[in-house]
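Notes follow the structure.
Residue numbers start at 1 and run along the sequence shown.
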Amino acid sequence: MIICECGEIIENCTFRDYIKTSASPSTPTIGHRKCGHIFNFIDGKRPKKYSSRTELKNLAMRFAVKNNLESEAVGRFLLEVDRLKSKGSLSDHDILVKAFNNIVK
């Protein structure tokens with residue numbers, strides 16, 4: 001799962017591009033069609049988005065729908081997202097993945 005800097009969960013809306021990285025002057029990568037952001041996965045520059053609570057809850061709902069969570073699990077998932085967000089030290093991606101793993105267990 002990739003969360004773009006624009007705040008969207010990226011699935012099928014990507015394009016291919018080549019960028020200069022530490023590994024090669026022409027490294028294949030992907031970009032997000034909607035905003036044009038190009039990702040550099042080689043140099044460890046994964047996007048780390050830190051959204052507001054409202055934005056994060058919108059992302060969490062899209063994440064829950066994408067992963068086919070049942071309505072009861074969605075409530076617990078949102079509570080877990082809120083709890084992890086209150087710690088204040090995790091990126092959106094880390095919060096969503098940890099919350100999902102805690103609910104699935």
Side-chain angles (χ1 to χ4, degrees):
M1 176 183 79
I2 301 171
I3 299 176
C4 185
E5 290 181 357
C6 69
E8 295 230 350
I9 296 173
I10 297 177
E11 277 188 292
N12 298 328
C13 54
T14 61
F15 61 89
R16 291 183 188 258
D17 200 2
Y18 293 88
I19 60 172
K20 182 179 180 180
T21 63
S22 60
S24 170
S26 183
T27 305
T29 188
I30 62 168
H32 186 205
R33 274 198 184 118
K34 183 176 180 184
C35 69
H37 180 75
I38 298 173
F39 300 96
N40 181 352
F41 300 112
I42 301 298
D43 294 331
K45 296 180 182 176
R46 290 201 72 183
K48 292 195 179 262
K49 180 143 174 66
Y50 297 90
S51 301
S52 68
R53 259 184 219 283
T54 306
E55 292 172 330
L56 185 60
K57 291 231 175 156
N58 286 333
L59 271 175
M61 283 303 296
R62 282 187 258 152
F63 185 82
V65 168
K66 180 182 170 211
N67 289 294
N68 300 322
L69 285 178
E70 296 176 8
S71 58
E72 182 181 304
V74 170
R76 290 183 305 172
F77 177 66
L78 290 175
L79 286 173
E80 188 68 16
V81 166
D82 199 38
R83 185 183 70 78
L84 292 170
K85 178 67 176 175
S86 67
K87 290 184 177 181
S89 60
L90 300 172
S91 70
D92 293 353
H93 177 269
D94 295 335
I95 289 172
L96 293 174
V97 170
K98 272 190 171 186
F100 184 75
N101 288 336
N102 289 345
I103 296 302
V104 173
K105 287 182 183 177

With rounding to the nearest 0.5 angstrom, report the [atom1] to [atom2] distance, [X] to [Y].
X: S52; Y: D92; atom1: OG; atom2: CG; value: 9.0 Å
X: I103; Y: E70; atom1: CD1; atom2: CD; value: 12.0 Å
X: H37; Y: I30; atom1: NE2; atom2: CD1; value: 9.5 Å

Could I get the full list of side-chain hydrogen bond (donor to acceptor under 3.5 Å, both in side chains) partners for [X], not counting sequence neighbours?
X: T29; result: none
X: S22; result: D43
X: N58; result: none

For [X], all residues meeting salt bridge (charged side-chain N to carboxylate O under 4.0 Å, His left out), sequence neighbours excluded:
X: R33; answer: none
X: R76; answer: none
X: D17; answer: none

Taking the side chain as every heavy atom from C-beta outward, state whether [X] and [Y] have any pair of such atoms under 4.5 Å apart.
X: K57; Y: S51; value: no
X: F77; Y: L96; value: yes
X: V97; Y: H93; value: yes

Report the hydrophobic cluster partners of I19, with the cluster defined as I, L, V, M, F, W, Y residues connected by side-chain heavy atoms closer than 4.5 angstrom, directly or transitively.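 Grouped by the 4.5 Å side-chain rule, F15, I38 form the rest of the cluster around I19.
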Would you please name every residue forming a side chain to side chain contact (heavy atoms under 4.5 Å, CB included) with [X], sequence neighbours left out?
X: K34; value: E8, H32
X: L79; value: none
X: T27; value: T21, S24, I42
X: S71; value: none

For residues L78 and A60, report the shortest heavy-atom separation together with the two atoms involved.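 The answer is CD2-CB, 3.7 Å.
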Given the rule that I, L, V, M, F, W and Y join up when any side-chain heavy atoms are under 4.5 Å apart, are V104 and L59 in one cluster?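 Yes: a chain of side-chain contacts under 4.5 Å links V104 to L59.
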